[in-house]
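Input: a single structure, listed below in structure tokens.
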Amino acid sequence: MGPGMMRRTMIAVGDWGSAVGQALYWLTPSRLRSRTGVVPARLVIEQIDRFSIGVMPLLVVVLGFVGMILALQLATILEILGVVEFLPNIVGIAMVREMAPLLTGVVLSGFAGASIASEIGSMKVSEELHAYESFSISPTRYLLAPRLLGIAIAAPLVTALGFYIGIGGGLVIAEGILGMEWGQYLARTAAALKVEDVVLGLVKGEVFGLTVVSIAWFEGSRVTGGALGVGRATTAAVVKSVVAVIAADLFLTVLFYQIG
Amino acid sequence: MNDTTQNSTPPPVGYPEREVVVQMKDIHLAFDGRQILRGIDLTVYRGETLVILGGSGCGKSTLLNCMTGSLVPDRGTVEVLGSHVCDLTEKQLDSHRIKVGFLFQHGALFQSMNVRDNLACVLREHSTLTEEEIDILVKMKLELVGLRHTVDLRPSQLSGGMRKRVALARALVLDPPLMLYDEPGAGLDPVSLAGVDRIIATLARVLGITSLVVTHHMASALRIADRLIFLHGGRVIVEGTPDEFRTHTNPLLRQFLDGAAEGPLTEAGVDDDYAVSLLGKERRS
């Protein structure tokens with residue numbers, strides 16, 4: 001990486017941090033209490049609906065299938081080792097600690113990241129963002145803050161839903177192909193999981209959601225060059241979100257590993 | 001009538017003592033190394049409608065954006081409604097912008113809101129009115145542009161002309177003393193355009209709103225203007241009343257007014273040596 005590229009990256013990261021900082025300002029308790037500072041509740045509810053109900057069909061398919069694949073792959077090895085009864089334990093822990101939050105983050109990158117970047121990019125191109133500015137209305141407050149608050153509420157919910165869907169996918173294979181009894185499967189899963197596993201999974205989901213939305217906003221609000229620029233921003237938002245989600249996953253995994 | 005840029009623009013004939021609302025002096029601005037404005041001097045008086053004419057990319061909209069503080073010129077001063085716009089802080093700019101109504105080229109309505117909320121959100125932000133009072137004001141402003149019945153519609157359900165009129169109602173919702181219109185006729189049929197022109201003229205005549213209008217539509221410009229300026233090459237080339245413009249002999253303005261494909265405006269953009277630009281120097285020999 002040359003010095004020019006390094007400088008541009010640093011500036012971009014600084015701008016991104018500034019945008020997130022401004023949005024967080026509108027979410028501080030004092031602003032939320034004031035009459036003119038309030039983030040419109042209707043807009044927040046719209047975003048919660050978008051990031052939870054909207055993303056659910058895709059999440060069911062992706063995590064359901066991954067749960068099944070994981071169970072099948074593990075079953076082959078565990079049968080050889082003669083410990084196939086540990087399948088629910090491993091699928092449960094893998095799903096809750098890693099697979100469900102990570103895949104929820106990736107699904108959100110494709111779903112929310114692309115739609116927010118293209119939406120905000122189109123607003124930029126059609127001068128809607130400029131119109132907010134010309135009326136001295138903060139676009140951060142009306143557009144970014146509701147999206148961040150919406151994802152902050154929806155991300156843990158969809159991640160938790162992802163736990164169940166992924167474990168359910170494993171259950172389908174365990175009962176349908178391996179002949180395990182479903183009650184026993186669920187009891188072993190519950191016994192294997194600790195509160196810390198669930199907390200780690202939910203924290204990851206939250207961080208990934210906020211990362212995706214803030215990157216998508218940032219890319220969308222920087223659009224130049226009309227429809228072509230919107231397309232570029234959408235692609236950049238998805239690619240950068242996926243990379244950022246995986247990087248954040250590594251960071252959080254190492255952090256929790258250190259904490260124990 | 002002026003045929004070249006002058007250091008200070010005289011008040012329009014018959015109104016020698018009128019209050020200055022906008023004063024721009026020696027404005028220079030470049031984008032990506034391309035000089036857009038090269039020493040613009042401009043004065044606008046209270047209650048007058050000034051139309052800014054010029055070819056695409058000559059800096060007309062840029063001038064408007066300098067007045068709102070969205071763009072800061074590289075050189076020169078911009079004084080609008082008594083404020084030196086370039087020296088304002090972000091907070092002061094917010095206060096400044098609510099005194100300046102801006103009609104965007106394509107309306108720029110907030111797509112996620114219906115017509116009512118497009119207007120109401122501005123009032124909620126900048127007034128202490130109750131929801132009931134806001135609702136009454138919204139309907140009054142929409143009535144002004146003849147669109148009270150659209151209050152519950154979404155922008156996507158409106159035609160281009162209706163969108164433009166709703167955007168105009170929104171721009172007027174805080175009763176700004178100064179209105180900036182960026183291509184109010186863009187994308188409109190002649191009838192819709194005449195309707196928008198009538199509203200602009202009424203606002204100036206009845207409410208005394210000072211208006212700056214950027215447009216390409218000559219008929220519209222001559223219909224609504226008290227005074228016009230013609231920009232070319234980042235400078236004010238001609239300034240005068242509609243009658244003076246109609247009979248002006250400046251060849252650049254003449255070509256623009258007549259809409260002629262050939263003339264000094266188009267010649268200025270032609271490369272002197274087409275073969276060189278096409279084939280490169282070494283191929284020429």
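A note on names: the letters A, B, ... follow the listed sequences, proteins ahead of strands, and every chain is numbered from 1. Computed over heavy atoms, backbone and side chain alike; hydrogens, waters and symmetry mates excluded.
Within the 4.5 angstrom heavy-atom criterion, no atom of B/Leu180 approaches chain A. Both the backbone and the side chain of A/Ser134 come within less than 4.5 Å of a heavy atom in chain B. Interface remark: B/Asp117 contributes side-chain atoms only to the contact with chain A (heavy atom separation under 4.5 Å). Neither the backbone nor the side chain of B/Leu174 comes within contact range of chain A; no heavy atoms are under 4.5 Å apart. Contact of B/Gln111 with chain A is made through backbone and side chain together, with heavy-atom distances under 4.5 Å.
Side-chain atoms of A/Glu133 never come within 3.5 Å of backbone atoms of B/Ser70 as a donor-acceptor pair (strictly under, hydrogens ignored).
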**OP:** Would you please test A/Tyr142 and B/Cys121 for side-chain contact (heavy atoms from CB on, under 4.5 Å) and show each step?
**Re:** CA-CA 10 Å; A/Tyr142 265 80; B/Cys121 76; 4.0 Å; yes
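With sequence neighbours left out, the side chain to side chain donor-acceptor pair (under 3.5 Å) criterion links B/Asp135 to B/Arg116, B/Lys139.
Using cut-offs of 30° and 60° on the angle between ring planes, the pair B/Phe110 and A/Phe135 is perpendicular.
The closest side-chain donor-acceptor pair between B/Glu125 and A/Ser136, if any, does not fall under 3.5 angstrom.
Note that the CD1 atom of A/Ile137 and the CZ atom of B/Arg97 stand 12.0 Å from one another [nearest 0.5 Å]. Here B/Gln105 contributes atom CD and A/Ser126 contributes atom OG; the two are 11.5 Å apart, rounded to the nearest 0.5 Å.
Put simply, the side chain of B/His106 does not reach to within 4.5 Å of the side chain of A/Glu128, judged on heavy atoms.
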